[in-house]
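A quick note: this is a predicted structure, and the numbers were derived from the prediction, not measured. Note on naming: letters A, B, ... go to the chains in the order of the sequence lines (proteins, then strands), and numbering restarts at 1 for each one.
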There are 2 protein chains.
Amino acid sequence: MSLSPLSRPNLAHIVRSRLSEAILSGELEPGQHVPEPELASRLGVSRAPVREALIELERQGLVTSDSRGRTHIARLTLEDMEEIYSLRLALEPLAAGLTAERATTQDFETLAANIAATEQATSLAEVTRLDAAFHDLIMRASGHRRAAHFWEGLRYQVEAWLGLMQRRHQAVFHSTQVETVKAHKRLLKVLRSGDAAAAEEEMKKHIVSWRRWLAMEADAAARSDRKTAP
Amino acid sequence: MSLSPLSRPNLAHIVRSRLSEAILSGELEPGQHVPEPELASRLGVSRAPVREALIELERQGLVTSDSRGRTHIARLTLEDMEEIYSLRLALEPLAAGLTAERATTQDFETLAANIAATEQATSLAEVTRLDAAFHDLIMRASGHRRAAHFWEGLRYQVEAWLGLMQRRHQAVFHSTQVETVKAHKRLLKVLRSGDAAAAEEEMKKHIVSWRRWLAMEADAAARSDRKTAP
DNA sequence: TAGGTGTCGACTGTCGACAGTGAATTCGAA
DNA sequence: TTCGAATTCACTGTCGACAGTCGACACCTA
């Protein structure tokens with residue numbers, strides 16, 4: 001039996017992941033104001049760990065604070081997603097190249113397991129989460145700590161956006177699962193080959209294709225807005 | 001006269017910039033442990049704002065916290081600088097391209113003023129600060145908020161590293177000032193032309209040439225370590 | 001003397017409380 | 001009724017205090 005050192009999580013960490021879930025699931029709605037005292041009392045803790053959690057969530061882009069310091073659930077616009085897209089395009093191929101060079105067998109097995117889980121996922125939300133986790137694994141396997149850290153500032157926004165889109169336009173996502181699995185299998189194969197340049201290229205393609213999704217969904221969102229709003 | 005809304009600074013902000021200065025100037029040494037109670041009493045505030053400042057400083061890479069949550073002044077290694085270099089190479093050309101497309105006359109004037117100030121700077125520390133500020137201005141002028149935010153997580157580490165090098169090997173930096181001015185003038189010219197691709201290319205070259213510095217300084221550091229250590 | 005055990009001190013994580021600050025609201029006057 | 005001023009109200013920023021935890025050091029035992 002291997003006893004690996006266990007990390008004793010803070011209250012702040014727990015609060016953060018609780019809030020993450022609540023935001024990603026849509027329980028807390030974009031734009032909504034979330035006062036610290038309310039969160040603290042609802043979670044049964046004091047404001048101190050809540051404050052810390054909110055700072056971290058701001059770094060992850062899930063909440064924003066206005067001029068007066070009050071925190072709101074982030075409202076992601078298409079412009080935001082364009083920013084995120086351009087940064088993914090800058091960061092992830094870099095990391096993929098490094099991963100191809102440095103990753104261990106263990107890393108590859110974890111990636112393969114993720115793909116298998118994605119194949120058997122039974123809900124879109126699960127696919128989304130596993131998708132983000134897959135990219136997370138690659139960023140980590142790259143050994144580039146700062147890039148992985150930056151990625152943390154993007155991934156939850158990606159998840160939040162996809163969640164939002166799914167809730168609005170379920171029909172659009174029919175083929176998501178099989179396409180994700182296919183793309184990730186291609187990526188894993190290239191990563192395993194150890195060819196850094198090829199890995200960069202494949203990741204670039206993967207993200208570019210993801211952008212098509214973005215435009216399409218934005219389009220659908222715009223159409224539906226026009227239908228419901230005026 | 002344009003009166004932009006002024007941000008009323010927190011104690012946490014003040015503490016942060018004080019600590020920034022102390023770290024960049026070398027008053028607080030790399031690796032040194034900095035207990036919250038001590039900082040709080042030395043600055044005459046309570047631990048709350050100090051804690052917040054430390055979280056932000058950690059994001060900026062100036063301090064790190066160990067497994068027990070204790071804060072230390074960051075000790076930058078050559079490996080760290082390689083990471084930072086690769087990220088600059090990913091982020092800054094992207095931003096430079098956007099800046100070429102979007103920047104206002106006002107932005108260009110601020111950049112020109114920065115170059116003028118660099119030309120007249122009387123100390124290396126000042127050149128370093130203005131250099132970082134120049135890149136800061138470009139990141140901001142790009143309008144890419146997330147990229148600018150990420151850059152904040154790098155710039156102070158760059159400053160800290162350069163400061164450290166300067167203190168160790170003053171002689172190496174003879175030509176820094178004139179070279180910086182020249183390079184920045186070239187950059188500004190391309191940015192003003194509005195040619196995004198050219199701006200990307202020029203920024204890439206600028207950063208690649210900065211990497212040569214990195215290697216050279218690392219080399220000098222290694223030599224001097226060998227001389228003093230064993 | 002070496003290895004293990006108990007104690008002490010230092011620091012972090014967490015808590016409840018208070019003061020200051022805008023925004024919203026109510027009240028009074030025209 | 002409408003405008004302006006005063007007042008409440010809901011927050012955030014900040015503070016001091018306490019408890020739990022970990023390493024260092026002394027001590028005990030074989």
Side-chain angles (χ1 to χ4, degrees), chain A residues 3-23 27-75, chain B residues 3-23 27-75:
Chain A
L3 290 179
S4 54
L6 43 83
S7 65
R8 191 174 19 78
N10 291 346
L11 262 188
H13 289 152
I14 301 174
V15 169
R16 167 160 65 86
S17 55
R18 280 289 190 86
L19 289 179
S20 264
E21 284 171 31
I23 296 171
E27 189 183 335
L28 294 173
E29 280 175 27
Q32 182 182 344
H33 171 49
V34 280
E36 289 171 9
E38 186 190 324
L39 292 180
S41 75
R42 277 173 67 178
L43 293 168
V45 298
S46 79
R47 275 178 54 214
V50 169
R51 260 181 98 77
E52 250 172 65
L54 287 178
I55 292 177
E56 181 62 13
L57 287 174
E58 187 173 359
R59 194 186 74 76
Q60 297 179 347
L62 289 183
V63 307
T64 57
S65 73
D66 63 24
S67 56
R68 245 188 305 159
R70 303 165 68 126
T71 45
H72 299 257
I73 307 300
R75 174 178 274 136
Chain B
L3 290 178
S4 55
L6 43 81
S7 62
R8 190 174 21 79
N10 292 346
L11 263 189
H13 289 150
I14 300 173
V15 169
R16 167 159 66 85
S17 54
R18 281 290 191 84
L19 290 179
S20 263
E21 283 171 31
I23 296 171
E27 189 183 335
L28 295 173
E29 282 175 27
Q32 183 182 344
H33 171 49
V34 279
E36 289 171 9
E38 186 190 326
L39 293 180
S41 75
R42 277 172 68 178
L43 294 168
V45 298
S46 79
R47 275 177 55 213
V50 170
R51 261 181 98 77
E52 251 172 66
L54 287 178
I55 292 177
E56 182 62 13
L57 287 174
E58 188 173 357
R59 193 186 75 76
Q60 296 179 348
L62 289 183
V63 306
T64 57
S65 74
D66 62 23
S67 56
R68 247 188 303 160
R70 303 165 69 126
T71 316
H72 299 258
I73 307 301
R75 174 177 274 136

Nearest whole angstrom, please: distance from the [atom2] of [N] to the [atom1] of [X].
X       : N      : atom1 : atom2 : value
B/Leu11 : C/dA19 : CG    : P     : 17 Å
A/Arg70 : D/dC11 : CZ    : C1'   : 6 Å
B/Asp66 : D/dT21 : CG    : P     : 17 Å
A/His33 : C/dA23 : NE2   : P     : 13 Å
B/His72 : C/dC11 : NE2   : C1'   : 11 Å
B/Glu36 : C/dT14 : CD    : P     : 12 Å

Do any N or O atoms from the side chain of [X] and from the backbone of [Y] form a donor-acceptor pair under 3.5 angstrom?
X       : Y       : result
A/Gln32 : A/Glu29 : yes
B/Asp66 : B/Gly69 : yes
B/His33 : B/Arg70 : no

Handout entry: Rounded distance (nearest 0.5 Å) linking atom OG1 of B/Thr64 with atom CD1 of B/Ile73
Key =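 The distance works out to 8.5 Å.
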Exercise for the section: Drop me the distance from A/Arg51's CZ to A/Glu36's CD, to the nearest 0.5 angstrom. Expected result: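 Atom-to-atom, A/Arg51:CZ and A/Glu36:CD are 4.5 Å apart.
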Exercise for the section: Could you identify which residues of residues 38-60 of chain B place a heavy atom less than 4.0 Å from some atom of DNA chain C, listed by residue number, or say none? Expected result: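 Residues of residues 38-60 of chain B that come under 4.0 Å of DNA chain C are, in numerical order, B/Arg47, B/Arg51.
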Problem - Listed partners of B/Glu21 passing side chain to side chain donor-acceptor pair (under 3.5 Å), at least two apart - result: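 So B/Glu21 forms no side chain to side chain donor-acceptor pair (under 3.5 Å) with any residue.
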Exercise for the section: Could you check which of D/dC11, D/dG13, C/dC11 has an atom nearest any side-chain atom of B/Asn10? Expected result: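 The closest nucleotide is D/dG13.
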